[in-house]
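What follows is one structure encoded as structure tokens, with my remarks underneath.
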Amino acid sequence: MSRIAEAFDHGKAFVGFVTGGDPSLEKTREFVLAMAEAGCDLIEIGVPFSDPIAEGPVIQEANLRALAAGTTVDALFGLVADLRGVDSLEAPLVFLTYLNPVYHYGYEAFFTRAAQVGLDGIIIPDLPFEEQGELKPVARAHGVDVISLIAPTSDERARAIAEDADGFVYLVSSMGVTGVRAEIKTDLAAIAARIKAATTVPVAVGFGIHSPEQAAEIAKTCDGVIVGSAIVKIVAEHSAAAAPHIAAYVREMKDAIRF
Amino acid sequence: MSKGRFGQFGGQYIPETLMNEIHRLEAAYEEARQDEDFQTELATLLREYAGRPSLLYFAKKMTEDLGGARVYLKREDLNHTGSHKINNVLGQALLAKRMGKTRVIAETGAGQHGVAAATAAALLGMECEIFMGKEDTERQALNVYRMELLGAKVNAVTTGTMTLKDAVNEAMREWTTRVDDTHYLLGSVMGPHPFPMIVRDFQAVISREARAQILEAEGRLPAAVLACVGGGSNAIGMFYHFIEDEGVRLIGCEAAGEGADTPRNAATVANGSLGVFHGMKSYFCQDEQGQIAPVYSISAGLDYPGIGPEHAHLHASGRAEYVPVTDEEAVQGFEYLSVTEGIISAIESAHAVAYARRLVPTLPPEENVIICLSGRGDKDVAAIARYRGREVSE
């Protein structure tokens, strides 16, 4: 069983996101370990991009902070290698980034390195299903899962995307960019059911989730919840001292989805 | 490989949330393109409202002064709203309306596309919201007010470099929030398919007219056609119907800012490399990490780090040439056309005028060239005065 499949194998999974290199690589390492320790089942590390068009202001600003700190793709590969050397860390690590940094690195070189360091998967919000053909075979050859997104607007596309899904399906909770939402009105159960009919890989819901109540409600419809902006906001507020605050938040959220 | 490619360039690299909407747009456009009523309605608006066909003007004094080929100006600056942008917005707004949309959003750099979009929205009774980099709202304050007069809401974008690229980011983000009633009225031949095709088709009217007009006036095709290039909409419009005419040189003039070899420029073909951004695979100004680079030009409309995919293909295939033109050359071109022909052109278009001043003297007098004068220069007067060290209040 892959590390990602494992992560969804004991109840509802909690997936947490931090932007790599915000405020520094050392701190990202500390945050990732604190998240895992507090119950994060899978951790997304954002590879910063200058123009993250699927992100709301909180993660946009984190991207800019990380870039200003000089964060590079290679440095984040180094961080993953380092984290995979920590015995206590079982959670899979996936990158979230935009296509251009990957394209620029070169697909073969990127996924060779990804496999070397033990990266489990990658999420690329500006690489929709129809464009995955140039990259997915390379990633698959190196055993790295390309995580596909399905949106409330996907309709009949959801089946084709799900049928070809690796790792898990990232179900986008609602319209718009990442960031905290007061409420999520999408009929997630219906979309999740459609996805489930087409694939055996787990379904995790993200975008806008921040409170334990929301997480508990949404977890009923799927296999896991993804939280990004709410964690990045804690980093923005507490910077280098954020680890205990992140850990407390993750613990609260994970507890909310233990049924 | 997906649809909508020009060679290897183009594609649809956008968030999943927008994919179905993009497909709907593609289908709606295909249908509209073959619908006589739609084409008649658009042709009528272009004629009665935008003032087409635009003139092909023989620039006699410029021709005499430069002492080479005969110079013609394709006067897109005389269109309603003062630029070529009206060609595209009328087409897209009609299309949006046909799709049942009640609201359009658009990005703008210099404000020419924003003004045109706001105009089309007013005309067709649609709600309109414009995204404009904060730096550009300051450079082009008059156009901001103009858009507001036309009933549009202008959002000053404060993220990133606060220019055109960031305005596109914000417009795309806004579109993912609201696609049901909203069409993204993209202003250039960029973004995901089908935008580069749709915008090109609506702008191709420029070369359709110009080709017939020059044959009428000169009895021969031009040696070269020139246009400024940011994303590249007036350039593709000027090039399109000449692409098959192999003897006609297609010359795109890029904004080289303080110099193509300085850090402050926006010369994408000269300095960019292959990448994927804003929905398309094309050339982009980027750093060694694949981060999109901040670019600079005196012209807000050319201040963009990428180029449309069809231009990337025309460059890669060698069919078109792309040349860098600096701020200083463009300002000189702006001043030159003003005193020589009595035409104050947009600073964007002045990039093409500037390159023509270098090219025309090298061509024999029996040849002719056409410069696309994409817009009028009223919006730039204060900025040029400032560039020359004069403070004038707008």
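Quick note on labels: first sequence line is chain A, next is B, and so on, each numbered from 1. Nothing here was measured: the structure is a model prediction, and the numbers come from that model.
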Determine whether the side chains of [X] and [Y] contain a donor N or O and an acceptor N or O closer than 3.5 Å.
{"X": "Tyr322(B)", "Y": "His311(B)", "value": "yes"}
{"X": "Glu108(A)", "Y": "His142(A)", "value": "yes"}
{"X": "Tyr105(A)", "Y": "Asp74(A)", "value": "yes"}
{"X": "Tyr184(B)", "Y": "Gln92(B)", "value": "no"}

Please flag which part of [X] lies under 4.5 Å from any non-hydrogen atom of chain B: side chain, backbone, both or neither.
{"X": "Leu67(A)", "answer": "side chain"}
{"X": "Pro57(A)", "answer": "neither"}
{"X": "Gln132(A)", "answer": "neither"}
{"X": "Phe49(A)", "answer": "both"}
{"X": "Pro101(A)", "answer": "both"}

Flag the one option from Arg157(A), Glu61(A), Met175(A), Glu55(A) with the top tally of heavy-atom pairs under 4.5 Å to chain B.
-> Arg157(A)

Residue selection (most heavy-atom pairs with chain B, distance under 4.5 Å) from Pro128(A), Ala54(A), Ala151(A) | Pro128(A)

Mark yes when over 12 heavy atoms from residues, nucleotides or ligands other than [X] sit less than 6.0 Å from its [atom1]; otherwise mark no.
{"X": "Lys233(A)", "atom1": "NZ", "result": "no"}
{"X": "Lys196(A)", "atom1": "NZ", "result": "yes"}
{"X": "Asp180(B)", "atom1": "CG", "result": "no"}

Contact class of [X] relative to chain A, heavy atoms under 4.5 angstrom:
{"X": "Glu174(B)", "value": "neither"}
{"X": "Glu170(B)", "value": "side chain"}
{"X": "Thr17(B)", "value": "both"}
{"X": "Thr161(B)", "value": "neither"}

Going through the checks in order, is the ring pair (Phe, Tyr, Trp, His ring centres under 6.0 Å) test met by Phe277(B) and Tyr98(A)?
-> CA-CA 9 Å; Phe277(B) 182 51; Tyr98(A) 288 77; 9.2 Å; no

Pick from Thr177(B), Val179(B), Val168(B), Asn20(B) with the largest number of heavy-atom pairs that fall under 4.5 Å of chain A | Asn20(B)

Note: vs chain A, highest number of non-hydrogen pairs under 4.5 angstrom among Met172(B), Arg178(B), His278(B), Lys165(B) is Lys165(B)

Electrostatic pair Glu127(B):Lys101(B) at N-O distance under 4.0 angstrom = no

